Amino acid sequence: MSDKYFTVNIRAYLDKDEPTYIGEESLYDLLSDFSCPKNPDVEYFLLHNAIEFTKKDQSITYLVFDADDASLVGYFSLTVKPISVRASNISKTMAKKLSRVSILDEETHSYTTAAYLIAQLGKNYSLPREKRIPGNILLGFALETISNLKYSVGGVIEFLECEDNEFLLNFYTQNHFKPFDTRITASQNNEPHTLHQLLKFI
């Protein structure tokens with residue numbers, strides 16, 4: 001990945017045995033400069049949920065910094081979740097790959113398996129435009145982290161969910177993710193909205 005940036009697992013700031021330990025209060029101060037008005041849910045997660053989710057092992061958040069001045073340029077959160085994919089929504093080639101690592105429900109014709117989920121991905125818009133990290137590089141750090149996990153523990157699928165937004169859908173499909181379903185969820189203001197689900201073989 002780009003040597004203009006570096007990533008830090010926030011466990012490194014929360015573990016007293018780590019030389020990088022700063023504690024929760026200082027970590028909240030560090031995160032407080034993050035702003036993502038284009039996606040309030042992404043901003044809310046980092047400011048309110050990321051630390052607790054990491055402490056509970058629900059997901060792990062990685063911060064991405066500018067190598068020159070150590071400014072926080074973005075973050076991503078990863079976890080492992082079950083994924084259910086209807087055979088009718090994917091190509092025969094993808095179905096064949098899935099069949100090797102999943103269980104097929106004959107009634108619903110859906111494949112179920114565990115997969116790496118890119119649960120959150122966001123850039124810091126409080127920075128000047130010229131300092132903001134390109135989206136493909138931020139995504140690349142998430143994919144690289146998953147690739148390293150695959151080397152250690154295995155796994156063949158990564159997936160994510162994105163808003164019903166043409167720009168985002170084009171961005172992820174250009175990065176080789178394939179849509180496989182949608183689901184309805186509620187945002188922080190409890191308004192229902194559609195999320196597109198996309199997957200990619202590692």
Side-chain angles (χ1 to χ4, degrees), residues 1-15 18 20 34 36 39 42 45-46 49-51 53-68 70 72-85 89-91 93-103 111-124 132-163 167-181 195-202:
M1 290 307 303
S2 172
D3 57 5
K4 288 180 61 178
Y5 309 98
F6 65 94
T7 65
V8 178
N9 180 330
I10 67 169
R11 286 192 193 277
Y13 296 135
L14 297 170
D15 186 345
E18 293 287 345
T20 48
F34 184 89
C36 188
N39 192 330
V42 167
F45 180 87
L46 184 64
N49 294 333
I51 292 175
F53 276 41
T54 296
K55 287 165 59 179
K56 295 175 181 177
D57 292 323
Q58 290 176 260
S59 64
I60 304 300
T61 293
Y62 296 78
L63 305 179
V64 184
F65 296 97
D66 187 298
D68 289 334
L72 176 62
V73 297
Y75 84 98
F76 57 91
S77 296
L78 305 177
T79 190
V80 175
K81 292 193 75 171
I83 182 176
S84 182
V85 183
N89 288 351
I90 57 175
S91 67
T93 301
M94 291 182 74
K96 187 175 181 180
K97 288 181 179 180
L98 264 176
S99 67
R100 298 173 187 156
V101 295
S102 61
I103 299 170
Y111 295 96
T112 301
T113 188
Y116 296 103
L117 170 65
I118 302 175
Q120 301 288 343
L121 185 81
K123 63 170 69 176
N124 190 358
R132 295 174 193 167
I133 187 171
N136 63 320
I137 292 180
L138 181 59
L139 176 62
F141 276 114
L143 298 178
E144 181 182 57
T145 303
I146 291 173
S147 181
N148 291 336
L149 291 171
K150 178 191 176 184
Y151 181 83
S152 300
V153 301
V156 298
I157 299 170
E158 51 202 352
F159 78 108
L160 52 81
E161 298 178 328
C162 77
E163 302 288 335
F167 174 82
L168 288 175
L169 286 168
N170 287 337
F171 171 72
Y172 288 122
T173 53
Q174 286 168 8
N175 281 278
H176 312 296
F177 280 85
K178 305 290 185 184
F180 69 89
D181 214 340
L195 290 178
H196 291 264
Q197 298 175 305
L198 303 94
L199 66 79
K200 179 174 173 294
F201 285 90
I202 305 169

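Here the structure is a predicted model, which is why all the values come from computation and not from measurement.
- Atom CD1 in I133 sits 10.5 Å away from atom CG in L139 (nearest 0.5 Å).
- For F167, the side-chain contact (heavy atoms from CB on, under 4.5 Å) partners two or more places apart in sequence, or in a different chain, are N165.
- One distance of note links OG of S84 with CZ of F180; it measures 8.5 Å at 0.5 Å rounding.
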If you look only at distance, which donor and acceptor atoms sit under 3.5 Å apart when one is on a side chain in residues 56-63 and the other is two or more places apart or in another chain?
unit_1: D57; atom_1: OD1; unit_2: R11; atom_2: NH1; d: 3.4
unit_1: D57; atom_1: OD1; unit_2: R11; atom_2: NH2; d: 2.4
unit_1: T61; atom_1: OG1; unit_2: S77; atom_2: OG; d: 2.6

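- With sequence neighbours excluded, no residue forms a ring pair (Phe, Tyr, Trp, His ring centres under 6.0 Å) with Y116.
- Put simply, NE2 on H196 and CG on L169 are 5.0 Å apart, with the number rounded to the nearest 0.5 Å.
- Side-chain atoms of T145 come within 3.5 Å of backbone atoms of F141 as a donor-acceptor pair (strictly under, hydrogens ignored).
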**OP:** Evaluate the criterion side chain to side chain contact (heavy atoms under 4.5 Å, CB included) for residue pair F76 and T7; output intermediate values, then yes/no.
**Re:** CA-CA 10 Å; F76 57 91; T7 65; 4.2 Å; yes
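- Nearest heavy-atom pair across L138 and G122 is CD2-O, 3.4 Å.
- Scanning for side-chain contact (heavy atoms from CB on, under 4.5 Å) contacts around A12 gives V8, T20, with sequence neighbours left out.
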What donor-acceptor contacts under 3.5 angstrom involve side-chain atoms of residues 150-161, with partners at least two apart or in another chain?
unit_1: K150; atom_1: NZ; unit_2: I202; atom_2: O; d: 3.4
unit_1: S152; atom_1: OG; unit_2: N148; atom_2: O; d: 3.4
unit_1: E158; atom_1: OE2; unit_2: K200; atom_2: NZ; d: 3.2
unit_1: E161; atom_1: OE1; unit_2: R183; atom_2: NE; d: 3.2
unit_1: E161; atom_1: OE1; unit_2: R183; atom_2: NH2; d: 2.9
unit_1: E161; atom_1: OE2; unit_2: R183; atom_2: NE; d: 2.6
unit_1: E161; atom_1: OE2; unit_2: Q197; atom_2: NE2; d: 2.8

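- I10 contributes atom CD1, which lies 10.0 Å from atom NZ of K55 (distance to the nearest 0.5 angstrom).
- Judged as a ring pair (Phe, Tyr, Trp, His ring centres under 6.0 Å), and not counting sequence neighbours, Y172 has no contacts.
- I118 is listed as a side-chain neighbour of L143, based on a closest heavy-atom distance under 4.5 Å.
- Distance check: N49 CG to Q120 CD gives 8.5 Å after rounding to the nearest 0.5 Å.
- N89 contributes no side-chain N or O that, together with a main-chain N or O of D181, makes up a donor-acceptor pair within less than 3.5 Å.
- Between Y5 and P134 the shortest side-chain heavy-atom distance falls below 4.5 Å.
- Centroid-to-centroid, the aromatic rings of Y75 and F34 come within less than 6.0 Å.
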**OP:** Could you walk me through whether E163 and L195 pass the side chain to side chain contact (heavy atoms under 4.5 Å, CB included) test, one step at a time?
**Re:** CA-CA 5 Å; E163 302 288 335; L195 290 178; 3.8 Å; yes
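- A distance of 5.0 Å separates CE of M94 from CZ of F201, quoted to the nearest 0.5 Å.
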**OP:** Decide yes or no on side chain to side chain contact (heavy atoms under 4.5 Å, CB included) for V42 and L121, but give the supporting numbers first.
**Re:** CA-CA 7 Å; V42 167; L121 185 81; over 6 Å; no
